[in-house]
Amino acid sequence: MISERQSVVESGMNELEIIEFKVNNQHYGMNVYKVKEIVAPLAITPIPHAHPFILGITQLRGEVLPVISLRNALVSNQDSYTHIVKDDSSFLIVEFNKQKVIFHVDEVRQIHRLSWDQIDKPDDIYNNDNSYTLGVVKQSENMILMLDFEKILTDINPNIGFSKDDLKADIAGDKKNARIVIAEDSPMLRSILKETLNKAGFQQLLFFENGEECYNHLASEENKVDLVITDIEMPLMNGHFLTKYIKQDSKRQSTPVVIFSSLITEDLLHQGRKVGADAQVSKPDIQNLVNVILELL
């Protein structure tokens, strides 16, 4: 089981481990921390009128879990073939955003230890708001695409997780003008955070696509910042490394830093505390994020 494997990635280091897998002869990657287990395919019960990405449900040690076909999600013309779950394919049991689901992939390859600066952000020419690609890892023989699994789940069910309808906030006038910097690589989540935080009353928001761009902005003393929100997983520089930089900078160390991530596990909570994060909030709890921001400002 992946969950029993001790990670060699140290807190505050700009490194990660990814599982490489193949779907339709293309290579993809997922953070090891999201993968709880890899198993051979199990019997699937189809669900009538389910979303095209959903193969059905299966039972794993008493839990009934949805099975998502990454092939269906990643192939543009889903009607051009019949999905077949082959015996030599694999189920990835993953957990993030307080949800556990199964992704069906064609083949699991290996685990790579990388530096986040080895993951390039996608070029605007081939990447857009509808893309599932968050980063590209260049290998000698092929390229590994890092996927936006949160967007895949949201496309299946827009009501999952990031609810804005019940948001409540009572923000004093001075806090409404707080200058908040946000590092988040997912275009979908940047859009949701902008809409939600604006709705809560925060108007001065500045977004960056990765930790390195945020790092460069904070390096200038002229840029006034009252609070930083950062994801953990980002190309070029991760959120732990960004937090460590801020807290070791004598001019910035008093700036509150909130880690907002789908990877808030016990192990990563420890890592966040070690690098000096003032608070850590698990996606998709935006109401809690707003409450934490108000406490820290």
Side-chain angles (χ1 to χ4, degrees), residues 2 18-42 44-58 60 64-86 88-109 119 121-123 126-137 142-162 184-192 231 233 235 262-263 283-284:
I2 296 297
I18 66 169
I19 290 180
E20 178 192 356
F21 56 88
K22 290 179 69 176
V23 176
N24 200 33
N25 294 319
Q26 174 61 56
H27 297 251
Y28 298 97
M30 176 186 287
N31 195 318
V32 164
Y33 274 114
K34 289 182 176 177
V35 183
K36 307 315 249 180
E37 192 174 355
I38 302 171
V39 300
L42 303 169
I44 298 174
T45 301
I47 301 296
H49 309 295
H51 189 280
F53 296 179
I54 300 289
L55 293 180
I57 56 176
T58 193
L60 179 66
V64 176
L65 301 173
V67 181
I68 299 170
S69 166
L70 279 183
R71 178 182 285 264
N72 284 12
L74 299 172
V75 174
S76 57
N77 185 2
Q78 298 161 11
D79 296 326
S80 63
Y81 63 90
T82 300
H83 188 106
I84 300 175
V85 178
K86 298 181 179 179
D88 59 353
S89 60
S90 296
F91 279 2
L92 300 182
I93 291 82
V94 305
E95 188 171 8
F96 59 94
N97 287 358
K98 301 179 180 179
Q99 299 176 77
K100 185 182 286 187
V101 299
I102 296 175
F103 286 106
H104 175 244
V105 303
D106 295 340
E107 176 188 357
V108 174
R109 303 276 289 178
I119 303 177
K121 70 175 187 178
D123 194 290
Y126 60 83
N127 195 54
N128 54 54
D129 289 347
N130 294 319
S131 173
Y132 291 135
T133 304
L134 290 178
V136 180
V137 181
N142 52 65
M143 291 187 290
I144 300 173
L145 303 183
M146 301 297 293
L147 297 175
D148 189 344
F149 292 96
E150 290 158 325
K151 177 170 172 52
I152 292 174
L153 291 187
T154 302
D155 283 353
I156 293 171
N157 183 357
N159 296 319
I160 289 179
F162 296 91
E184 170 59 63
D185 62 332
S186 169
M188 177 195 72
L189 289 179
R190 287 198 301 272
S191 176
I192 290 174
D231 189 13
E233 298 181 281
S262 61
L263 293 178
K283 293 175 180 175

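In this text the structure is predicted, and so the values were computed from the model without any measurement.
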Exercise for review: Evaluate the side-chain proximity of Ile93 to Leu60: yes if any heavy-atom separation is below 4.5 Å, no if none is.
Suggested key: yes
Point to revise | Rounded distance (nearest 0.5 Å) linking atom CG of Leu145 with atom CE of Met143 | key: 7.0 Å
Check your understanding: So, for Gly135 and Pro235, which heavy atoms are closest and what is the spacing to 0.1 Å?
Key -> CA-CG, 4.5 Å
Check your understanding: With side chains defined as the heavy atoms from C-beta onward, is the minimum distance between Ile68 and Ile54 less than 4.5 Å?
Key -> yes
**Study point:** Thr154 and Met188, any side-chain heavy atoms less than 4.5 Å apart
**Key:** yes
Revision key, fill the gap. CG (Leu55) and CG (Leu70) are apart, to the nearest 0.5 Å, by 9.5 Å
Check your understanding: What is the minimum heavy-atom distance between Gly56 and Ile44, and which atoms define it?
Key -> CA-CG2, 3.7 Å
Check your understanding: To the nearest 0.5 Å, how far apart are CD in Glu20 and CD1 in Ile18?
Key -> 7.0 Å
**Study point:** Closest heavy-atom pair and its distance - Met146, Asn31
**Key:** CE-N, 4.4 Å
Practice item. Locate the shortest heavy-atom distance separating Ile57 from Pro66; write the atom from each residue and the value. Key: CG2-CA, 4.2 Å
Point to revise | Main-chain N/O of Asp185 paired with Arg190 side-chain donor or acceptor, under 3.5 Å | key: yes
Exercise for review: Applying side chain to side chain contact (heavy atoms under 4.5 Å, CB included), run through Tyr132 and Asp155 and close with a yes or a no.
Suggested key: CA-CA 10 Å; Tyr132 291 135; Asp155 283 353; 2.6 Å; yes
Exercise for review: Could you tell me the separation between the CD atom of Glu37 and the CD atom of Glu95, rounded to the nearest 0.5 Å?
Suggested key: 12.0 Å
Exercise for review: List in chain and number order the residues that pass ring pair (Phe, Tyr, Trp, His ring centres under 6.0 Å) with Phe91, two or more places apart in sequence or in another chain; answer none if no residue qualifies.
Suggested key: His104
Exercise for review: Would you mind reporting whether Phe149 and Met30 have side-chain heavy atoms less than 4.5 Å apart?
Suggested key: yes
Exercise for review: Measure the spacing between CD1 of Ile119 and CD1 of Ile144 and express it to the nearest 0.5 Å.
Suggested key: 9.0 Å
Check your understanding: With a 4.0 Å cut-off, would you call Lys283 and Glu184 a salt bridge?
Key -> yes
Check your understanding: For Ser186 and Asp148, what are the C-alpha separation, side-chain angles and deciding distance, and is it a side-chain hydrogen bond (donor to acceptor under 3.5 Å, both in side chains)?
Key -> CA-CA 7 Å; Ser186 169; Asp148 189 344; 2.8 Å; yes
Exercise for review: May I ask you to test the Asn157-His51 pair for a side-chain heavy-atom distance under 4.5 Å?
Suggested key: no
**Study point:** side-chain contact (heavy atoms from CB on, under 4.5 Å) partner of Val101, chosen from Leu65, Val94, Val67
**Key:** Val94
Practice item. Considering non-hydrogen atoms only, spot the tightest contact between Ile38 and Ser90 and give its length. Key: CG2-CB, 4.2 Å
Practice item. Answer yes or no: is there a side-chain heavy-atom contact under 4.5 Å between Ile192 and Leu189? Key: yes
Exercise for review: Compute the ring centroids of Phe96 and Tyr33, then answer whether they are less than 6.0 Å apart.
Suggested key: no
Point to revise | Nearest heavy-atom neighbours spanning Phe53 and Asn72 | key: CE2-O, 3.6 Å
Practice item. Nearest 0.5 Å please: distance from the OG atom of Ser262 over to the CD atom of Glu150. Key: 4.0 Å
Check your understanding: Do Leu92 and Val105 have side chains that get closer than 4.5 Å, going by heavy atoms?
Key -> yes
